[in-house]
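The structure appears below as structure tokens.
In each ligand, atom 1 is the first atom listed, and ligand 1 is the first ligand listed.
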Amino acid sequence: MIPAEKSKKQILLSGVQPSGNFHIGNYLGAIKQWVEMQKTHRVFAMIADLHAITIPQEPEILYKNTLGVAKLLLACGLDPKKSVIFVQSQIPAHTELGWILNTLTPIGELERMTQFKEKKEKAGVLAGLLNYPTLMAADILLYNSDIVPVGEDQIQHIELTRTLARKFNARFGETFKEPKEYVLKETSRVMALDDPTKKMSKSSANPASYIALLDEPETIRKKIQIAVTDSGKEVAYDEITKPAISNLMRIYSAFSGIGLKEIEAKFSDKGYGEFKHDLADVMVGALTPIQKRYSALTEASVKTVLKKGQKAAAKIADRTLTEAKKKAGFLAT
Ligand code: ATP
Ligand code: LTN
């Protein structure tokens, strides 16, 4: 196995799709961790545009969203001096290794993936949607990633990545490192504001079900105000009997750093109304600086960052792919 870089730091890779409106679930479940872990890890932050097209995308919108997500990653605190921020489709090694991994993956394993089963209902059965996890495995394995921070919905794909790494290594010799998922329990599944049994999702038809990172303060306040609550009026944490309030409490905790018990104590003699009012304040306080940084970034500066990221990512990805192809018996020139 080739060490990805001279640095002794553990390698973190993760990805987000440039689709739709980024929401606080994406932020708390994934991006916030990447930003925090820049101190201790070598971070590869990837914009997964090839994954996004497994659901048909309008070209102009895909283009705009790709730049928009890059801008958001920077606004959320990813530092291009420390981390590699890049666009998946700009590194051909991803699709090439993805293809090789497809030839090691039984169709049955892909058909069993929860995300495939859920999404195929909406989109019709596209081959790209079925093969989505093998491309994701390639993303991860190319960089010898140690750790992959994701929301709960992606764990299954990382399990498959480990299986594929083992399979390839057993068949062709030690090549890939087996990665681990990193899932923060409290924020791995931020639930929809209109229905605490559903995951907060960009693709929801109801914008009031999520708080977008770029929502105006007034919109945030309104959405929190109309968010569903549970029967009773106590601000108490109970995932079974109070799923809606518990979801809002986890969001409060993640944005404020205050523990769930402390939140209960703080609102022990107050009702849902006051809690929601404070929650909106906490969120506006956390999101306003991100929004300010977002507005200050120019398209040209974002493109410069992505170009630098492409160069750094390609160097590592190409090296790993070359080694894998050599082991698998492909002719080198
Ligand atoms: P969505 O369902 O909102 O369309 P996605 O998972 O398809 O989201 P991505 O942009 O690729 O889209 O997700 C980026 C990251 O955000 C992933 O790690 C994913 O697990 C995480 N994530 C998405 N939704 C949530 C959520 N509701 N709670 C926690 N993490 C989430
Ligand atoms: N499938 C992920 C996005 C994604 C990813 C990755 C995450 C693509 N490649 C590699 C972690 C590692 C999603 O839809 N959230």
So which heavy atom in the protein is nearest atom 18 (O) of ligand 1, and how far is it from that ligand atom? Gly151 N, 3.3 Å

Restricting to heavy atoms, the pick from Lys119, Lys198, Glu186, Lys202 nearest atom 10 (O) of ligand 1 would be Lys202

To which protein heavy atom is atom 1 (N) of ligand 2 closest, and what is the distance rounded to 0.1 Å? Tyr132 OH, 2.7 Å

Aromatic Tyr294 / basic Lys71 pairing, under 6.0 angstrom, 45° off normal: yes

Would you mind telling me if ligand 2 is within reach of the side chain of Ile158, the backbone, both or neither, using heavy atoms under 4.0 Å? neither

Salt bridge flag under 4.0 Å for residues Lys32 and Glu36: yes

Part of Ala30 with heavy atoms under 4.0 Å of ligand 1, whether side chain, backbone, both or neither: side chain

Structural part of Ser188 in contact with ligand 1, heavy atom criterion under 4.0 angstrom: backbone

Just to confirm my output: which protein heavy-atom neighbour is closest to atom 15 (N) of ligand 2, and how far is it? Gln154 NE2, 3.4 Å

Taking the ring of Tyr143 and the ring of Phe86, is the distance between their centroids below 6.0 Å? yes

Applying a 4.0 Å heavy-atom criterion (strictly less than), which segment of Asp153 is in contact with ligand 1: side chain, backbone, both, or neither? side chain

Taking distance alone, with no angle check, do Gln17 and ligand 2 share an N/O pair under 3.5 Å? yes

Side chain, backbone, both or neither: the part of Thr187 lying under 4.0 Å from ligand 1 by heavy atom: backbone

Under 3.5 Å: N/O of Glu152 near N/O of ligand 1: no

Are any of the side-chain nitrogens in Glu218 or Lys222 under 4.0 Å away from the carboxylate oxygens of its partner? no

For ligand 1, note which part of His23 has a heavy atom under 4.0 Å away: side chain, backbone, both or neither. side chain

Give a yes or no on whether a salt bridge exists between Lys325 and Glu96, defined as a side-chain N under 4.0 angstrom from a carboxylate O. yes

Residue portion contacting ligand 1 (non-hydrogen atoms closer than 4.0 Å) for Met200: both

I want to confirm something. Looking only at heavy atoms, which of Gly15, Ser14, Ser19, Ala137 is nearest to atom 3 (C) of ligand 2? Gly15

Within 45° cone and under 6.0 Å: Arg250 NZ/CZ vs Tyr252 ring: no

For atom 9 (N) of ligand 2, grab the closest protein heavy atom and report residue, atom and distance to one decimal in Å. Asp139 OD2, 2.7 Å

Ionic contact status for Arg189 with Asp153, cut-off 4.0 Å: no

Looking only at protein heavy atoms, which one is nearest to atom 8 (C) of ligand 2, and what is the separation? His51 ND1, 3.2 Å

In this structure, atom 5 (P) of ligand 1 is nearest to the protein heavy atom Lys199 NZ, 4.2 Å

